[in-house]
Amino acid sequence: MSGSPDDIPFFDEEDAAPAPAPRAGGIAARAMAARAAPRQAYLDGLNPEQAQAVETTEGPVLVLAGAGTGKTRVLTTRIAHILATGKAYPSQILAVTFTNKAAREMKTRIGVFVGEAIEGMPWLGTFHSIGVKLLRRHAELVGLKSSFTILDTDDQIRLLKQLIQAEGLDDKRWPARQFAQMIDGWKNKGLTPKEIPEGDARAFANGKGRELYAAYQNRLLTLNAVDFGDLLLHPIRIFREYPDVLKEYHKRFRYILVDEYQDTNTAQYMWLRLLAQRQGQSVNVCCVGDDDQSIYGWRGAEVDNILRFEKDFPGATVIRLERNYRSTSHILGAASHLIAHNEGRLGKTLFTEQADPDEPKVQVHASWDSEEEARAIGEEIEALQSKKHALNDMAILVRASFQMREFEDRFVTLGLNYRVIGGPRFYERQEIRDAMAYFRVVAQPADDLAFERIVNVPKRGLGEAAVRQIHDVARMRQVPMLQAARDLVGTEEMKPKPRAALRTVVENFERWQDMLDRTSHTELAELILEESGYTDMWKNDRSAEAPGRLENLKELIRSMEEYESLRGFLEHVALVMDAERDEEMDAISIMTLHSAKGLEFDTVFLPGWEEGLFPHQRALDEGGRTGLEEERRLAYVGLTRAKKNLHLWFASNRRIHGLWQTTMPSRFLDELPEAHVEVCEDGSAYGGYGRPDGQIGRPNPYGRSRFDDQGSFSNTYATPGWQRAQKNRNSATDRNWGTRSGHQVERIGYGEADSGYGAGRGSVKGRTIEGELVAKSVSDTPSAFKVGDRVFHMKFGNGNIAAIDGNKLTIDFDKAGQKRVLDGFVSPV
DNA sequence: GGCCCATAAGTTTTT
DNA sequence: CTTATGGGCC
């Protein structure tokens with residue numbers, strides 16, 4: 001396709017009456033078809049099923065897309081096809097995804113087909129972002145103003161806490177956090193306070209659950225605010241109560257596409273049905289999903305939605321994508337065999353044509369404990385690295401996030417670059433939220449929750465008493481808190497000290513609000529943080545995190561530059577909680593299995609395949625067979641992330657809540673087909689398989705001979721394997737020290753400020769160091785530090801250098817104690 | 001109002 | 001064993 005945006009017409013203005021689709025055979029249609037015809041090249045690369053999914057544009061279509069079968073490609077090509085054949089204008093296509101990332105990717109990929117016309121798809125987005133759009137248009141129908149604010153979980157909990165206390169309840173016995181989750185659950189099911197089951201209502205706060213939920217909703221209305229659930233529920237209500245509004249959207253949306261349909265919850269399902277089910281009209285709705293990858297049941301997703309599709313949309317075409325383009329036949333064979341143990345599937349059989357006899361089988365490794373597991377995986381990674389495998393092509397996928405620590409610790413010691421995906425998000429960090437609260441009050445003076453958050457941050461002597469006073473005035477006069485505060489400083493009601501402090505706050509906000517339209521928003525933002533004393537607060541903070549927080553604030557300002565205004569930025573942040581990851585750095589990814597869905601890597605490590613951890617005990621206890629099946633799907637997701645190499649690990653001992661426990665290999669290991677799996681003993685060089693013979697309470701994965709035979713452990717693999725690994729390890733680390741210390745960055749979680757830029761290779765003379773393997777690297781990159789220097793480390797905070805050993809520093813950290821780290825990870829204070 | 005100690009709890013996560 | 005939170009004391 002050519003890159004000209006003129007290929008596709010975008011003259012359908014956002015708020016114009018929905019334009020009719022070009023009439024079949026009409027001049028416009030023919031013109032477009034003529035232009036499109038020679039470019040149907042986009043269909044060429046598709047297999048027959050994919051092509052069918054793209055070209056069956058009319059009527060309901062369910063695409064069951066197995067892992068790695070080109071799902072996103074089908075979705076994007078389908079949209080491109082609809083556009084190219086002139087069946088609809090971009091603004092007539094509703095395309096919903098779950099995550100911003102997925103939405104972004106679709107926009108980009110459609111952009112490739114269509115030219116740069118990404119702006120032309122106004123209704124491509126997440127359920128929530130589309131919900132905002134709908135709600136801004138029709139806010140008044142549910143008693144809101146279209147300037148409503150979107151609360152995040154933090155705000156929500158603080159609000160609920162107030163309400164619980166206002167009811168005279170003990171907020172310790174009835175934690176707001178827990179209640180927030182209950183409300184979330186109700187909203188996932190599309191339930192209003194009136195509709196929640198009696199039992200649920202009774203379960204909280206001595207039967208006041210329903211009352212509190214209703215009070216919460218009322219409070220939101222007075223605050224002109226919504227939570228995430230409301231972004232779906234309000235539109236549902238509008239569609240139900242105002243059929244003419246719904247009709248408008250029926251007319252507008254000629255084509256509806258839904259990604260990851262197996263993850264939809266009841267509310268999303270209701271929302272979708274309202275839009276997609278129309279009387280006596282063929283509905284062009286296309287849902288794409290994979291029932292085998294449904295892993296969000298615990299947060300309200302209903303696999304049933306996908307299983308029921310044909311009933312909901314009679315006459316639906318069901319297309320199965322089963323040709324896998326991602327993984328080797330061994331990996332696929334293992335995954336398919338495992339998932340076949342689930343009942344109640346729609347059933348797909350993945351196949352691949354990649355059948356290179358040399359491709360490695362899925363490897364299962366045993367280790368003595370989780371520490372050894374981390375060590376062995378680290379060695380394997382370094383071995384691969386020395387064979388020129390990029391760290392970016394590798395990932396460690398864990399069941400629970402506590403497993404990550406051991407790997408992080410290990411990689412820090414090894415000096416192995418890693419990135420943690422899915423940790424605390426950038427916009428969820430305290431300093432970012434505080435800063436955002438300031439911006440919110442400036443942009444939306446009625447945002448009481450934001451005001452309350454920062455009125456005493458930094459500390460200004462405006463404690464609980466002062467806040468209550470402001471609160472009372474605000475309630476009495478029915479004005480926002482900022483206004484109430486303004487009134488209060490004009491009276492004698494407050495003691496002089498808090499009064500003066502509050503006056504400064506009020507005057508500051510007035511000045512900033514005044515500047516809002518005259519100053520560039522980034523400048524203003526910086527000014528606010530300076531003048532409020534917020535940056536100073538962190539500058540004066542001597543804790544380990546403070547420098548990182550300041551860095552984050554800078555990053556926040558930087559990221560604002562991409563937006564036109566403060567308001568635009570605030571909307572973005574409310575909905576898009578993620579941050580781009582730094583693709584520049586070569587690093588291995590560590591993440592949970594859940595956050596790995598949709599990703600792929602050449603090499604995947606899956607540690608912790610033990611009963612109780614995976615499948616997780618709690619899933620079994622609370623979910624029964626359904627829970628087990630979801631765990632199995634999670635295992636399936638994990639296995640199918642790998643393209644070439646897949647390593648499963650289990651440890652015989654694992655520390656859980658501090659104490660060591662002996663574990664049994666996961667039942668999922670039993671469920672793998674022997675033909676595609678190879679059991680390796682390299683990892684258990686120490687201590688072998690720590691289970692006494694015959695102690696296992698159920699059939700052993702591969703027959704006892706393979707796992708329990710200590711002989712094979714120490715003879716076949718262990719010794720040479722260990723030695724080889726040792727060798728690789730040394731060469732790999734040496735090489736890395738040489739190349740890294742220039743720009744090495746340790747990132748923990750995304751959005752975390754980069755720290756420890758190279759320790760700077762000063763002209764420090766080669767120190768005499770008692771050191772063995774370090775000696776070599778010393779000449780390469782002498783450390784610029786000297787004993788006694790004060791340094792900062794991203795993970796451990798500030799400390800003093802106690803000893804230097806080439807590039808390895810021994811540091812006495814103020815908080816973390818003595819650690820050995822590479823100099824690239826620390827920066828001078 | 002701020003700091004320190006004690007206690008409790010401890011999958012998975014998006015918006 | 002950790003980490004987060006809350007209460008109590010200065």
Side-chain angles (χ1 to χ4, degrees), chain A residues 96-103 125-132 150-154 156-157 161 170-173 175-178 181 184 187-188 226-233 260 263-265 267-268 294-301 370 397-406 409 421-425 427-428 430 456-467 497-498 501 543 571-578 591-598 608 612-623 627 630-631 633-635 637-638 654-661 816:
Chain A
V96 271
T97 64
F98 273 84
T99 63
N100 290 297
K101 198 175 147 212
T126 61
F127 278 99
H128 296 267
S129 67
I130 289 168
V132 176
I150 303 161
L151 303 189
D152 58 35
T153 333
D154 222 51
Q156 203 185 345
I157 289 170
K161 193 166 175 179
D170 181 3
D171 65 315
K172 267 179 304 171
R173 243 193 101 195
R177 181 172 296 277
Q178 193 192 325
Q181 276 168 11
D184 230 44
K187 290 192 171 179
N188 283 157
V226 298
D227 63 18
F228 285 122
D230 289 340
L231 294 177
L232 285 169
L233 291 196
E260 305 279 15
D263 287 338
T264 46
N265 62 36
Q268 286 156 339
S294 161
I295 54 175
Y296 286 111
W298 51 273
R299 68 172 196 210
S370 49
L397 311 181
V398 298
R399 174 63 184 84
S401 44
F402 73 80
Q403 292 173 266
M404 293 182 182
R405 252 195 71 156
E406 221 134 12
D409 286 350
I421 294 176
R425 281 139 208 285
Y427 292 112
E428 280 170 8
Q430 184 192 343
N456 200 31
V457 179
K459 302 273 185 260
R460 308 186 167 94
L462 295 168
E464 210 186 323
V467 171
K497 249 198 195 148
S543 68
E571 176 104 341
H572 164 82
V573 172
L575 290 172
V576 182
M577 295 294 284
D578 63 352
M591 67 188 101
T592 63
L593 287 160
H594 282 92
S595 39
K597 192 163 82 157
L613 177 58
F614 194 31
H616 200 279
Q617 194 55 48
R618 214 151 138 177
L620 301 177
D621 292 346
E622 287 167 20
E630 185 154 309
E631 293 287 293
R633 291 193 291 266
L634 195 52
V637 166
R654 189 171 291 275
R655 204 165 39 188
I656 297 169
H657 304 334
L659 27 121
W660 285 96
Q661 298 200 318

Whole-Å distance, A:Glu260 CD to B:dT15 P, equals 12 Å
Is there side-chain contact between A:Lys187 and A:Asp230, with at least one heavy-atom pair below 4.5 Å? yes
Heavy-atom nearest pair, A:Leu593 first then A:Arg399, reads CD1-CA, 4.0 Å
In short, A:Asp263 meets A:Ala301 closest at the heavy-atom pair O-CB, 3.4 Å
| said: Taking the P atom in each of B:dT13 and C:dT2, what is the distance between them to the nearest angstrom? | reply: 22 Å
Give one of base, sugar-phosphate or nothing for A:Gln181, where a contact means two heavy atoms less than 4.0 Å apart.
nothing
What one should report as the nearest heavy-atom pair of A:Leu231 and A:Leu575 is CD1-CD2, 4.0 Å
For B:dT11, take OP1 and OP2 only and decide whether either is under 4.0 Å from a side-chain N or O of A:Ser401. no
Contact string for nucleotides 1-10 of chain C, one letter per nucleotide 5' to 3', B = base within protein heavy-atom range under 4.0 Å, S = sugar-phosphate only, - = neither, reads BSS--SS---
From CZ of A:Arg299 across to P of B:dT12 the rounded distance in Å is 13 Å
When rounded to whole Å, the CD to P distance for the pair A:Glu622 and B:dG10 reads 11 Å
Here the distance between atom P of B:dT15 and atom CG of A:Leu151, to the nearest Å, is 17 Å
Shortest non-hydrogen pair, A:Glu631 vs A:His616, comes out as OE1-N, 2.8 Å
(message) Under 6.0 Å between ring centres: does that hold for A:His594 and A:Trp298?
(response) yes
Stacking of A:His616 on B:dT11 base (centres under 5.5 Å, planes under 30°)
yes
- request: Answer whether the closest heavy-atom distance between the side chains of A:His572 and A:Tyr427 falls below 4.5 Å.
  value: yes
Separation of B:dT13 atom P from A:His128 atom NE2, nearest Å, is 16 Å
Check your understanding: Do the side chains of A:Tyr296 and A:Asn265 get nearer than 4.5 Å, heavy atoms only?
Key -> no
By nearest-heavy-atom nucleotide on DNA chain B, the more 5' of A:Leu462 and A:Leu634 is A:Leu462
**Message:** Give me the distance, rounded to whole Å, that separates B:dT12 from C:dT5 when you measure between the P atoms they each carry.
**Reply:** 15 Å
Considering only heavy side-chain atoms of A:Arg618, the closest of B:dT15, B:dT13, B:dT11 is B:dT11
To the nearest angstrom, the NZ-P distance between A:Lys597 and B:dT12 comes to 17 Å
Of B:dT11, B:dT12, B:dT15, the nucleotide closest to the side chain of A:Glu631 is B:dT11
Of B:dT13, B:dT15, B:dT11, the nucleotide closest to the side chain of A:Ser595 is B:dT13
Between A:Gly229 and A:Arg399, the residue closer to the 5' end of DNA chain B by nearest nucleotide is A:Arg399
Heavy atoms under 4.0 Å, any strand shown: does A:Leu397 hit a base, just sugar-phosphate, or nothing?
-> nothing
- prompt: Does the side-chain ring of A:Trp298 sit on the six-membered ring of the B:dT12 base, less than 5.5 Å centre to centre and under 30° in tilt?
  reply: yes
Here the distance between atom C1' of B:dT13 and atom NZ of A:Lys101, to the nearest Å, is 14 Å
Taken to the nearest whole Å, CD/A:Gln403 to P/B:dT11 is 11 Å
Per atom distances to the A:Lys459 side chain, the nearest of B:dG2, B:dT15, B:dT12 is B:dG2
